[in-house]
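Read the structure below first, then the notes.
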Amino acid sequence: SQKIEQNSEALNIQEGKTATLTCNYTNYSPAYLQWYRQDPGRGPVFLLLIRENEKEKRKERLKVTFDTTLKQSLFHITASQPADSATYLCAPAGGRGSQGNLIFGKGTKLSVKP
Amino acid sequence: DGGITQSPKYLFRKEGQNVTLSCEQNLNHDAMYWYRQDPGQGLRLIYYSQIVNDFQKGDIAEGYSVSREKKESFPLTVTSAQKNPTAFYLCASAPRSASAGEQYFGPGTRLTVT
């Protein structure tokens with residue numbers, strides 16, 4: 001069955017550093033992958049989408065890469081701030097045999113210390 | 001003020017009772033989704049609807065039922081057959097399903113059954 005793994009449950013970094021979150025998937029060839037941010041007790045908020053034919057996507061301090069050979073996406077937050085502290089979810093979707101529904105990873109909880 | 005709303009935010013029920021969670025959107029989206037989130041777990045798809053008067057089971061539909069009589073509304077009923085109903089329930093919508101579009105999430109309903 002399709003499996004989504006996010007590298008760790010929690011990641012602690014110092015303010016100003018770059019946070020790198022990893023999303024690996026197996027038994028799956030998604031056509032695109034989305035990243036969401038979720039704050040405690042709230043619904044996820046969409047951040048970025050990257051398609052299988054795109055290597056990299058950027059939005060302000062955020063950067064996402066998508067390596068279909070490694071079956072991995074990396075999510076970077078540069079110059080991190082305490083306000084970036086949240087849980088980040090990756091969600092691959094699409095691809096052959098898929099109904100297009102998102103499959104969510106368990107998330108990585110990022111804590112940025114001042 | 002466009003968006004997706006869920007009510008109530010907190011819901012308490014006794015075991016054996018059915019309970020209906022509300023989800024409304026004024027984004028004119030065709031697709032709507034219900035997810036369940038448990039601590040340490042990713043979002044799991046319960047039901048989804050691509051068009052009015054049609055819906056499909058997701059990965060964990062047992063013990064749940066839905067209806068889609070209006071485009072803007074997609075209520076979820078948690079029946080007494082659901083063995084572990086206590087969870088955080090999230091509703092989402094998208095312009096159309098099976099596409100690369102982002103999903104817009106509501107604020108969630110936390111259901112506690114005792």
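This structure is a prediction, so every number in the text was calculated from the model and none was measured. Naming: A, B, ... by sequence-line order, numbering from 1 per chain.
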Quick check on [X] against chain A: is it the side chain, the backbone, both or neither that has a heavy atom closer than 4.5 Å?
| X | answer |
| --- | --- |
| B:Leu90 | side chain |
| B:Gln37 | side chain |
| B:Tyr35 | side chain |

Near [X] [atom1], under 6.0 Å, is it more than 12 heavy atoms from other residues, nucleotides or ligands?
| X | atom1 | result |
| --- | --- | --- |
| A:Glu9 | CD | no |
| A:Gln81 | CD | yes |
| A:Arg42 | CZ | no |
| B:Glu69 | CD | no |
| B:Lys9 | NZ | yes |

Response to the item:
So, the part of A:Gln6 with a heavy atom under 4.5 Å from chain B: the answer is neither
Practice prompt. Would you give the length of the straight line joining atom CG of A:Asn101 to atom CD of B:Gln56, rounded to the nearest 0.5 angstrom?
Written response: 8.5 Å
Worksheet, complete the sentence: One should read off an interatomic distance between A:Ile103 CD1 and B:Asp59 CG, to the nearest 0.5 angstrom, of 7.5 Å
Practice prompt. Go through the steps for A:Leu49 and B:Glu102 under the test side-chain contact (heavy atoms from CB on, under 4.5 Å), then give the verdict.
Written response: CA-CA 8 Å; A:Leu49 179 150; B:Glu102 65 188 88; over 6 Å; no
Worksheet item: Are there residues of residues 62-74 of chain A that reach to under 4.5 Å of chain B by heavy atoms, and which ones?
Response: none
Discussion item. I need the contact set between residues 84-92 of chain A and chain B: heavy-atom distance under 4.5 Å, sorted by residue number.
Written reply: A:Leu89
Verify the cluster assignment for [X] and [Y]: are they in a single hydrophobic cluster under the rule of side-chain heavy atoms below 4.5 Å apart?
| X | Y | result |
| --- | --- | --- |
| B:Tyr104 | B:Phe74 | no |
| B:Leu11 | B:Val66 | yes |
| A:Phe104 | B:Tyr48 | yes |
| B:Val78 | B:Phe88 | no |
| B:Val19 | B:Ile46 | yes |

Worksheet, complete the sentence: Quick note, salt bridge (Lys or Arg N to Asp or Glu O under 4.0 Å) partners involving residues 13-39 of chain A, not counting sequence neighbours, are A:Arg37-A:Asp39
Fill in: Among A:Gly107, A:Pro44, A:Gly43, residue most engaged with chain B (heavy-atom pairs, under 4.5 Å)
A:Pro44
Worksheet entry | Members of residues 105-114 of chain B whose heavy atoms come closer than 4.5 Å to chain A | B:Phe105, B:Gly106, B:Pro107, B:Arg110
